[in-house]
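Before any comments, here is the structure.
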There are 2 protein chains.
Amino acid sequence: MSTAAITVPVTVADHENCPATSVLRRVGDKWSVVILSVLAQRAYGFNELDRSVEGLSRRMLTRTLRALEEDGLISRTLHPSVPPRVDYALTDLGRSFLEPVRALGLWALAHRSDLEATRTCDS
Amino acid sequence: MSTAAITVPVTVADHENCPATSVLRRVGDKWSVVILSVLAQRAYGFNELDRSVEGLSRRMLTRTLRALEEDGLISRTLHPSVPPRVDYALTDLGRSFLEPVRALGLWALAHRSDLEATRTCDS
DNA sequence: CTGTATCCAGAGGGATACTG
DNA sequence: CAGTATCCCTCTGGATACAG
């Protein structure tokens, strides 16, 4: 974490094959971080998630949840009750993932005046 | 950076207006981080950058450089010589930006086995 | 409640050719 | 050298309707 070190991906074709790249793209997609942030509070059911995140379509909710599950960032637990209930929750990996993501969010907040996109955004 | 704290964006419509969101999208786009990483070494000229990043088109190079410049992450310096020479370099803001980005990259590297996308990626 | 399937519009991004 | 302008194709993501 010092000043220099790490020559970073750079000059890439592996760009595609690099695990860092896929992680960055995941962070950049529209809903992943929002969903992970919601799940950071507690486990949620499907519709509950749908209602909690304004503007998120059921289609993208499904797709994003599947992607996050494949990455091992969240877990999906089916409770075969009537009606059926599914719980989505962060895994340990997901929790650890949120740390660097939050660092990035904090950076953005700390430098929002420098970034000139100074629209007010609470908390 | 403790365990809890920070309730994060969550349940959003401001999602769009939040500075953190735009930063995450920037991180997620295809070339920004690669270009910033290259510039972390030293200043580069336009064609020099083009040649250094395999697979990057001149069109996207221009667009990405403009975007990064507007964000204040890089500087563009025109030297009116013959032939003309332009230098792109990281700003202090750009350098500070790379810190959390690298943290994310290091996380990805550290957990690449957990992420199951275990294609070999050196450095 | 928890999804899947279809359709469709818009953004992202590559190839190529041209300009100061 | 340092770009701009077009064309075009793919991927993302929203709307809507249907299913277990």
Side-chain angles (χ1 to χ4, degrees), chain A residues 9 11-13 15-16 21-36 38-39 42-71 74-89, chain B residues 9 11-13 15-16 21-36 38-39 42-71 74-89:
Chain A
T11 64
V12 216
H15 183 255
E16 303 295 332
T21 298
S22 57
V23 165
L24 294 185
R25 305 279 297 196
R26 166 103 323 130
V27 164
D29 77 22
K30 196 165 182 180
W31 299 112
S32 291
V33 171
V34 176
I35 291 177
L36 290 175
V38 171
L39 292 181
R42 58 176 175 85
Y44 274 73
F46 186 85
N47 272 332
E48 193 184 13
L49 262 177
D50 197 21
R51 272 178 279 106
S52 297
V53 184
E54 186 185 359
L56 171 55
S57 66
R58 267 195 340 297
R59 187 182 114 93
M60 286 317 294
L61 176 55
T62 303
R63 291 172 60 100
T64 307
L65 287 172
R66 291 285 173 275
L68 295 175
E69 193 190 353
E70 280 172 21
D71 283 349
I74 65 174
S75 63
R76 178 183 184 273
T77 312
L78 172 63
H79 303 286
S81 49
V82 204
R85 159 85 184 186
V86 176
D87 271 330
Y88 289 97
Chain B
T11 64
V12 216
H15 182 256
E16 302 295 333
T21 298
S22 57
V23 166
L24 294 186
R25 306 277 300 194
R26 167 103 321 130
V27 164
D29 77 23
K30 196 165 183 177
W31 300 113
S32 290
V33 171
V34 176
I35 292 177
L36 290 174
V38 172
L39 293 182
R42 58 176 175 84
Y44 275 74
F46 186 85
N47 274 330
E48 193 183 12
L49 262 178
D50 197 21
R51 272 177 279 106
S52 297
V53 184
E54 184 186 359
L56 171 56
S57 66
R58 276 210 314 309
R59 187 182 113 93
M60 285 316 296
L61 176 55
T62 304
R63 291 171 60 100
T64 306
L65 288 172
R66 291 286 174 274
L68 294 175
E69 194 190 353
E70 281 171 22
D71 282 348
I74 65 174
S75 64
R76 177 183 186 274
T77 312
L78 171 63
H79 303 286
S81 49
V82 203
R85 160 86 185 185
V86 175
D87 271 331
Y88 289 98

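Closest non-hydrogen pair, A:Val34 versus A:Lys30, comes out as CG2-O, 4.3 Å. Minimum heavy-atom separation, B:Leu68 to B:Ile35: CD1-CG2, 4.1 Å. Scanning both residues, B:Val33 and B:Val27, for their nearest heavy atoms gives CG2-O, 3.8 Å.
Here the P atom of nucleotide C:dT2 and the CG atom of A:Leu49 are 9 Å apart, to the nearest Å. We find that CG of A:Leu56 is positioned 10 Å from C1' of D:dG14, with the value rounded to whole Å. Nucleotide D:dC9 holds its C1' atom 15 Å from the CE atom of B:Met60, rounded to whole Å. Following rounding to the nearest Å, B:Asp29 (CG) and D:dT12 (P) show an atom-to-atom distance of 14 Å. What separates CZ of B:Arg25 from P of C:dG10 is a distance of 16 Å, to the nearest Å. As rounded to whole Å, 14 Å separates atom C1' of C:dG13 from atom CZ of B:Arg26. The CG atom of A:Leu78 sits 11 Å away from the C1' atom of C:dC1 (whole-angstrom rounding). When rounded to the nearest whole Å, the span between CG of B:Asp50 and P of D:dC1 equals 10 Å.
At D:dG14, one or more side-chain N or O atoms of A:Lys30 fall inside 4.0 Å of OP1 or OP2 (strictly under the cut-off). An OP1 or OP2 oxygen of D:dG3 is reached within less than 4.0 angstrom by a side-chain nitrogen or oxygen of B:Tyr88. The side chain of B:Tyr44 places no N or O atom within less than 4.0 Å of a non-bridging phosphate oxygen (OP1 or OP2) of D:dA2. For B:Arg85, no side-chain nitrogen or oxygen approaches OP1 or OP2 of D:dG3 to under 4.0 Å. Taking 4.0 angstrom as the limit, A:Arg76 places a side-chain polar atom (N or O) nearer than this to OP1 or OP2 of C:dG3.
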Under 3.5 Å, which donor-acceptor pairs link side chains of residues 42-49 of chain A to any protein atom two or more places apart or in another chain?
unit_1, atom_1, unit_2, atom_2, d
A:Arg42, NH1, A:Glu48, OE2, 2.9
A:Arg42, NH2, A:Glu48, OE2, 3.0
A:Tyr44, OH, A:Gln41, OE1, 3.2
A:Glu48, OE1, A:Gly45, N, 2.8

Side-chain donor-acceptor pairs of residues 56-64 of chain A under 3.5 Å, sequence neighbours excluded:
unit_1, atom_1, unit_2, atom_2, d
A:Ser57, OG, A:Met60, N, 3.3
A:Thr62, OG1, A:Arg58, O, 3.0
A:Thr64, OG1, A:Met60, O, 2.7

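Between its opening and closing five pairs, the helix from C:dC1-D:dG20 to C:dG20-D:dC1 changes axis direction by 40°, a value rounded to 10 degrees.
Distance from the side chain of A:Trp31 is smallest for D:dG14 among the nucleotides D:dC1, D:dG14, D:dG3.
The salt bridge (Lys or Arg N to Asp or Glu O under 4.0 Å) test applied to B:Asp50 returns no partner, not counting sequence neighbours. B:Arg76 pairs by the side chain to side chain donor-acceptor pair (under 3.5 Å) definition with B:Tyr88, not counting sequence neighbours. In this structure, the side chain to side chain donor-acceptor pair (under 3.5 Å) partners of A:Asp29, at least two apart in sequence or on a different chain, are A:Ser32.
Near DNA chain C, meaning a heavy atom under 4.0 Å from it, residues 61-68 of chain B has no residue at all.
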What does the B/S/- profile of nucleotides 15-20 of chain C look like, 5' to 3', with a 4.0 Å heavy-atom cutoff to protein?
B-BB--
